[in-house]
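When a residue number appears, it is its place in the shown sequence, counting from 1. Note that ligands are numbered from 1 as they come in the structure, with each ligand's atoms numbered from 1 the same way.
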Amino acid sequence: MNANGGIPFLDLVTPHRELEAELVSVFRAALDTAGFVGGPMVEGFEREFAAFCDAAHCVGVASGTDALRFALIAAGVKPGDTVVTVPNTFIATTEAISQVGARFDFVDVDEHTYTMDPEKLRFYLEAECTRDVGMNRPRSRRTGGPVTAVVPVHLYGQTADMDPILDLASRYNLSVIEDACQAHGAEYFSMKEHRWRKAGSMGQAAAFSFYPGKNLGACGEAGAVTTNDEALAREVRMLRDHGQSRKYHHAVEGYNGRLDAIQAGILRIKLQHLTHWNEQRSWSAKRYDELFAPMAGSVTIPYQPAWSKPVYHLYVIHTANRDELQKYLTEAGIGTGIHYPIPVHLQAAYAELGWKRGDFPVSEDAADQLLSLPMFPGLRAEDQRRVVEAVAEFASVRSTG
Ligand SMILES: *Cc1c(COP(=O)(O)O)cnc(C)c1O
């Protein structure tokens, strides 16, 4: 509950207040050494976050969008290539692809998990692409370009179904770049390898965002690329720093996409709490699941497959009359969110590309019917009960009124 008696969608104030002394000491250390960009705090964070993700390397960058863009370039995606992703995501996923000079194609998401549907990826590669003779590469019928990479998005804190995606990628010679911007610490059970695998360790590379509202958030902008491929990590290190191999030796034209030291220092402190915060999110999710059990006919709770250990970046329900319900909850002082109200293929920015309603029905249904409820570490059980009671009240008002 916040000062007005309302329940916020997200509480970013309390965790920082609790860690205030430690966070301020990071700023002091930066002032004392004037180490503002790069340096030991960045290197320390990179080591610790790589270990957290079970990845061999982590390269800190300025945002999740930079992480996606640098990962794509370093994985060898070239201007004119086509990269496949999903329309049920944040636009940064497709922005990064465009900024590489590549084009994107979409496959729809699965109707239960809302992440990439591997069967639709298979259909796309078999039926919507031709096969380049000799090159062993699919070519998109829509864009005319060679398909060189796939970007599954681990959405709402749950990974995509990676085994079949990785299988298809290896069969069709595609790089896999995970968009792990909402999945710090999420795990996937690989039947193929018979073990749990961490988000950020499965593809050729992965992109993380540390935007303040993510499960691990900076006090500003930050991101990272994780990978097990040393050459790829080296390439991302160059790209983030103007293509420098060493000072003033520019092997390629790069970007200004570095991680600043204060953010890295803050992230190191918060990383120590991430596992516990993720556990708290899971407990809250379980409590919501139980509270919603009597409403199974009208509210669909998040689907958690046996292969998934999600980290509940968001707790997303599927319901009819979503917009009215959201209004009702807002009036009751309960914060909610919609992720996302317009699927990427229908965004005004892409109007010229010619997609229309009906092209990706599961993503369109998600945009119309999904609602994200309050979810953050420290969410109180009694507040969750109030949220669920308000949803139930709305349902009964509607059915009687
Ligand atoms: C947050 C987010 C991004 C972008 O991260 P920024 O740090 O804001 O650039 C990309 N993809 C997804 C799925 C995200 O949620």
S.K.: Would you check if there is a donor-acceptor pair between the side chains of H345 and D359 at a distance under 3.5 Å?
M.R.: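 Distance-only check fails for D359 and H345.
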S.K.: For T89, counting its heavy atoms only, list the atoms of ligand 1 lying under 4.0 Å from any of them.
M.R.: 13 (C)
S.K.: Among G64, G213, C181, which residue places a heavy atom closest to atom 3 (C) of ligand 1?
M.R.: C181
S.K.: Whether R240 and E46 form a salt bridge (side-chain N of Lys/Arg under 4.0 Å from carboxylate O of Asp/Glu) is what I want to check.
M.R.: yes
S.K.: Going by the angle between their ring planes, with limits at 30° and 60°, are F49 and F52 parallel, tilted or perpendicular?
M.R.: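 Parallel, since the angle between the ring planes stays under 30°.
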S.K.: Taking the ring centre of each residue, are F106 and W355 less than 6.0 Å apart?
M.R.: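 Between F106 and W355, the centre distance is under 6.0 Å.
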S.K.: Could you check Y188, W307, F189 and say which one makes a ring-ring contact (aromatic ring centres under 6.0 Å, His included) with W196?
M.R.: F189
S.K.: Tell me which protein heavy atom sits closest to atom 1 (C) of ligand 1, plus the residue, atom name and distance to 0.1 Å.
M.R.: K214 NZ, 1.5 Å
S.K.: Do Y211 and ligand 1 have an N or O pair less than 3.5 Å apart?
M.R.: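 For ligand 1, there is no N or O atom that lies under 3.5 Å from one belonging to Y211.
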S.K.: Tell me which protein heavy atom sits closest to atom 9 (O) of ligand 1, plus the residue, atom name and distance to 0.1 Å.
M.R.: T65 OG1, 2.5 Å
S.K.: At under 4.0 Å between heavy atoms, is it the side chain or the backbone of D66 that contacts ligand 1, or both, or neither?
M.R.: neither
S.K.: Between D289 and Y315, is any side-chain donor less than 3.5 angstrom from a side-chain acceptor?
M.R.: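 Note: D289 and Y315 side chains meet the donor-acceptor criterion.
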S.K.: Hey, does D179 come in under 3.5 Å of ligand 1, counting only N/O atoms on both sides?
M.R.: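 Yes - when backbone and side-chain N and O of D179 are compared with those of ligand 1, one distance drops under 3.5 Å.
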S.K.: For ligand 1, which atoms have a heavy atom of A92 less than 4.0 angstrom away?
M.R.: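 Reading through ligand 1 atom by atom, the close ones are 3 (C), 4 (C), 10 (C).
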S.K.: Any idea which protein heavy atom is nearest atom 8 (O) of ligand 1, and the distance to it?
M.R.: S209 OG, 4.1 Å
S.K.: Strictly under 6.0 Å, is that where the ring centroids of Y156 and Y312 end up?
M.R.: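 Ring centres of Y312 and Y156 not closer than 6.0 Å.
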S.K.: Pull out every atom of ligand 1 sitting under 4.0 Å from any heavy atom of S63, numbered as shown with elements.
M.R.: 7 (O), 9 (O)
S.K.: Under 4.0 Å from any heavy atom of V153, which atoms of ligand 1 are there?
M.R.: 13 (C)
